[in-house]
Structure formats: structure tokens, C-alpha cells
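Single-structure report; data block below.
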Amino acid sequence: MKTLSGLQNPFTSGGFYLLVLMLGINLFFCLGGRFRRLIRIHNRVCLGSFILHLGLVLIMVGAINTTVGQYKQTYSVLPGDTISLAEFGKPLGLRIDSFTVDFADQYPEQYLTRVTVVEKGNELKEAAIAVNHPLSWKGIKTYQIGYGWVIKGELASKDRSRPVSIAAGELLELSRQPYLALKLDFFPDYHQSATGAFNASEYPHKPRAAFYAYSGTNSLDSGVLAPGQSVNIQGFRFHFIGYQRYTVLQSKVDPGIPWVYSGFAMLISGMILRYKLKW
Amino acid sequence: MVGEARLVIITLVIYLLAGILIYITRDRKDQYWVLGCLAGGLFFHTALLIGRIVKSGHLPISSLYEFTILLSWILIIIALLMAQKDAAVSIRLTLPVLSGMLLVTALTQSPAIHPLPPALRSYWLQVHVIIAVIAYSAFALAFVLSLVWLVKPEVPGSKNDQLLYRIILLGFGFHTLVLITGAIWAEQAWGTWWSWDPKETWALITWLVYAYYLHRRQEGNMYGKSGVWFGVVGFAVVMFTLFGVSLWFPGLHSYK
């Protein structure tokens with residue numbers, strides 16, 4: 001939620017942008033002054049100081065470019081799905097071949113999505129996307145940013161039965177009139193304590209689907225299902241079959257990066273030149 | 001095997017003893033006792049760090065507890081070097097005291113070792129944090145010198161005044177690298193080179209504070225007492241960035 005004073009997130013408030021604008025104007029004039037001095041006095045200190053401040057200006061230009069020009073999309077996908085990157089202006093796609101989580105002492109060590117880059121039906125490259133190892137292809141970078149669980153089951157009523165696949169935490173609508181819904185959560189390693197249910201680890205030692213049935217705003221029933229178990233809610237029957245991890249990837253283009261990295265290089269070079277000291 | 005908290009307390013007690021010895025001994029020949037005491041404390045301190053490396057399988061830089069222990073370890077190394085260079089008693093005394101205070105702070109933090117989360121499994125962790133330890137050590141040393149010279153003022157432009165400036169400059173240079181390596185790593189791990197995370201923001205504020213010092217110094221200010229005051233105030237901001245932000249503003253840098 002954004003508030004007028006920007007207290008919720010001060011970095012998106014008008015006041016903050018005003019401060020950054022003032023810093024930018026200040027830096028710009030400061031750079032002008034340093035350039036004039038550099039023309040007058042040709043020495044290492046003046047040159048270093050100018051390069052250093054030019055680096056800062058480049059970083060600010062990059063930050064503006066990132067804020068204004070960055071485009072990113074997040075995808076929650078299962079193995080077998082294909083992400084279309086057409087919205088990035090390239091006829092590319094990423095086919096998800098597999099998604100695995102490596103564990104060390106029951107703690108996630110790495111999330112790894114294996115993908116195939118496809119272009120107009122042609123397979124171009126096989127690649128792995130993991131945390132700290134994004135895939136960079138034709139200017140688009142794709143990151144491993146998360147994962148979640150899909151609960152798989154079967155929903156049966158008097159007249160029909162259908163398979164359902166729903167992300168943990170989402171609502172499964174059973175009927176509209178009267179409104180009836182199931183909220184399903186997933187616990188890969190279910191444990192119960194005095195304060196409630198919790199996950200002992202992210203490893204599926206004891207997988208359970210927790211359900212909460214609603215009719216309008218009234219709670220009807222709640223409980224926990226093991227794979228193979230079912231629950232009956234007012235003429236509907238949900239049968240919990242299994243679960244699967246889905247991967248969350250984020251693709252982005254950021255036109256600010258080259259500016260920012262050039263700014264970093266100039267900042268370091270300028271500092272070395274400006275403050276080269278005899279110890 | 002000696003428990004980790006016990007090892008911290010043993011180290012702390014030896015540093016305290018070293019502090020008392022520094023205070024009561026003025027004679028050059030008695031300095032061997034001081035050096036021996038500091039080296040003894042450093043032995044246990046080093047054992048503590050090596051123990052964590054063996055247990056965790058990585059450098060002790062993945063939690064605030066480890067960072068604090070490492071920072072206080074570096075301060076003792078500096079204290080040993082200072083002791084050999086015949087630095088003033090007050091400087092040699094303040095360094096182990098500050099190191100001890102950091103160890104006390106470490107005792108209030110969780111020493112639990114968890115496997116590194118995926119985002120921290122990168123060579124950037126070593127690069128980024130080791131640079132940060134160097135920067136913070138320089139700021140800590142500047143703070144110690146400032147504290148001492150607040151009591152016994154230095155002549156503006158004197159050798160010590162220049163030394164304080166150079167140490168702050170060293171810290172500033174490395175702090176710049178902390179921000180740069182952090183941004184490059186964040187872009188690789190989280191897909192964004194800057195996210196206004198509280199730690200990032202306060203690291204930037206720290207950088208701006210010391211940049212202000214350097215600008216004022218260039219204009220002919222911040223010599224003598226004002227520069228010394230700045231060494232104290234700047235380090236307060238550094239400590240808030242290190243501990244205050246971690247405690248009160250959880251974010252991407254909140255490690256358990």
C-alpha cells in the first residue's frame with residue numbers, strides 16, 4: 001500500500017524522488033565545475049576527481065534507465081510447460097524440461113530448472129537456470145526466483161468428475177450458486193504443534209494437503225488429507241492424488257545495466273587516480 | 001570439546017587481562033606480557049574461527065555472529081601490530097576493548113550453523129564480505145584513533161591527523177567496493193542491482209557520510225578536532241548499519 005507520506009515504502013514516494021532529483025542536479029553542476037577545473041588545471045587529481053564524479057552520474061543515469069525502461073515478467077510453470085518470450089519482442093520460448101531442488105541437511109541448497117531455448121519450433125540450446133546462475137540469451141536474462149507446490153486431485157459431484165491441479169494457497173471454486181469453495185494449502189513435511197500446523201522441512205517427508213471449506217463467508221469444515229484421502233463437502237468430493245513442485249522464473253531486460261556497470265568502473269578508476277597516496 | 005560460547009568467554013577474559021596489563025604497564029620490558037596476552041587471546045579467537053570453518057565448511061562470513069567475531073579478530077591483529085610499533089598506550093588499550101565489546105555483542109547473537117541458502121552459495125559472498133570486513137576494520141581503527149585523540153587532541157595537519165584521514169580514506173575505498181560488489185552480486189542472484197533493502201540503504205548512507213567527510217576535508221575543513229569527532233560519528237553510523245539495521249529492519253540481508 002502506498003501512502004501520501006510514503007511511510008509504507010519511502011523509496012517510491014514523491015519526497016524521495018524529489019531528493020534524488022536534487023542529488024542528480026547537484027551532481028550535474030558539480031561535474032560541470034570539475035570539468036571546468038580540469039580544463040584549467042591538467043593534473044592527476046583533477047582528472048581522477050572528474051572521472052569519479054562522472055562515474056556517479058553514469059550510475060544515476062543507469063538507475064533512471066532501470067526505473068523507466070526495465071521490463072520483467074514472472075512465470076510459475078511446471079515441467080513440460082513452455083514460456084513464450086514474445087512480449088520481449090523476440091520469437092523465443094523456454095521449454096521447462098525439469099525442476100529439481102537439491103537439499104543439504106533438509107535445507108534447500110539449490111533450485112535448478114533445466115530448460116531448452118526454442119525459436120519458432122527449433123531447439124537452440126539446452127541450459128540450466130539456478131539461483132546465482134541466470135540464463136542470458138539475446139539480451140533477455142532469466143532468473144530462478146522461487147518455487148511452489150501444485151496440489152493434484154480429482155473433484156467429483158453428482159453428475160461429473162474432473163481432474164484439478166491448483167497452486168498451494170489458492171481457492172478451488174466448487175459452485176457459484178450457492179458459493180462454495182475449498183482453500184488448499186500444502187505442507188511437504190507436516191507437523192502439528194500446540195500453536196498449529198507447520199512444516200518441519202521443505203523435503204516431502206510427510207506430505208499433506210490442508211483444506212478449508214467455505215460457503216460465502218462461513219467456514220464449513222477444515223482438515224488435513226494425506227495422498228489418497230478424500231473429503232466430502234455438501235455434495236462435492238475432493239480426492240487428493242498427489243503434488244508437484246513448480247518453478248518460478250523471472251525474465252527481464254534492463255537497459256540501465258551497461259550504464260551502471262560503466263559507472264562502477266569509472267568510479268573505481270577515478271578514486272584510484274584521485275587518491276593515489278604515498279603510504 | 002570446549003563449547004563455542006565458552007571459547008568466546010575465554011578469549012574475552014584474556015583480552016580483558018591484556019587491557020589491564022596495557023593500562024598498568026608503561027615500561028618497555030613489560031610489553032612482552034601484553035603481547036603474550038594478546039597473542040594468547042588471539043590463539044583462542046583463531047581456534048573459534050577455525051572451529052566454525054571446520055563445522056560449516058565455509059569461511060566464517062555467512063551470519064552477523066560470524067562477521068562480528070571476524071571483525072573483532074582483525075582488530076586484535078591491528079592491536080598486535082600497533083603494540084609492536086610503540087603506539088600510544090591509549091590506542092593499544094582501546095583496540096582490545098573495542099574487540100572485546102564486539103565479542104560481547106557476538107554472545108547475544110545466534111551461533112547456530114545452517115547450510116548456506118542458495119542465494120549465498122556464490123564466490124561473491126567471499127569477495128563482498130571480506131571487502132566489508134576490511135572496510136569496517138578501517139572505520140573501527142579510525143574510531144579508536146578518534147576516541148583517543150578526543151581526549152588528547154592532535155594538532156591539525158599533524159602526522160596523526162593525516163593518519164586518521166588516510167585510514168578513513170582506506171575504509172571509504174573498500175566501502176565503495178562493498179557497494180559495487182553487492183550490486184553486481186544482487187543483479188546476478190535476485191535480478192536487481194539495487195532494491196532499497198534496509199542494509200543496502202544504510203550502507204549507502206554510510207558511504208554518503210564518509211563522502212561528506214572527504215569533501216569537507218578537501219575544502220580545508222575536518223582537520224584536528226572536527227575530523228576526530230567525525231571518526232566517532234561515522235563509526236556510529238557504521239555500527240548502526242551493521243547491528244541496528246540487522247536487528248530492527250529485516251530485509252534481504254537478514255541472516256539467521
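Note: hydrogens, waters and symmetry copies are ignored here, and every other heavy atom, side chains too, is used. Everything numeric in this text was worked out from a predicted model, so none of it was measured.
Contacts of I184(B) with chain A are made by both backbone and side-chain atoms, with heavy-atom separations under 4.5 Å. Using a 4.5 Å cut-off between heavy atoms, A63(A) contacts chain B through both its backbone and its side chain. Interface remark: L23(A) contributes no atoms to any contact with chain B (heavy atom separation under 4.5 Å). Interface remark: D102(A) contributes no atoms to any contact with chain B (heavy atom separation under 4.5 Å). Neither the backbone nor the side chain of T142(A) comes within contact range of chain B; no heavy atoms are under 4.5 Å apart. For chain A, the nearby part of W193(B) is the side chain; its heavy atoms alone come within less than 4.5 Å. Residue contact with chain B, scored on non-hydrogen atoms closer than 4.5 Å, involves the side chain of F16(A) exclusively. Heavy atoms of E187(B) lying under 4.5 Å from chain A belong to its backbone as well as its side chain. Using a 4.5 Å cut-off between heavy atoms, Y143(A) contacts chain B through its side chain alone, with no backbone atom that close. Only the backbone of L116(B) comes within contact range of chain A, with at least one heavy atom under 4.5 Å from a heavy atom of that chain.
Looking at H215(B), its side chain does come within 3.5 Å of a backbone N or O of A211(B) through a donor-acceptor pair. A donor-acceptor contact shorter than 3.5 Å links the side chain of K252(A) to the backbone of G191(B).
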Verify salt bridge (charged side-chain N to carboxylate O under 4.0 Å, His left out) between D161(B) and R217(B), making sure each step is shown before the conclusion.
-> CA-CA 11 Å; D161(B) 193 57; R217(B) 178 100 184 178; 3.4 Å; yes
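Of the N and O atoms on the side chains of S98(A) and R114(A), not one donor lies less than 3.5 Å from an acceptor on the other residue.
Side-chain atoms of Y136(B) and F67(B), non-hydrogen and from C-beta on, do get closer than 4.5 Å to each other.
Ion pairing between a basic and an acidic side chain is recognised when a charged N comes within 4.0 Å of a carboxylate O; D197(B) and K199(B) show no such pairing.
Of the listed residues Q70(A), E109(A), M271(A), the one with more heavy-atom pairs under 4.5 angstrom with chain B than any other is E109(A).
When each of T176(B), V237(B), I168(B) is paired with Y210(B), the side-chain contact (heavy atoms from CB on, under 4.5 Å) condition holds for I168(B) and for no other. The ring pair (Phe, Tyr, Trp, His ring centres under 6.0 Å) test with F186(A) is passed by exactly one of Y147(A), Y246(A), Y243(A): Y243(A).
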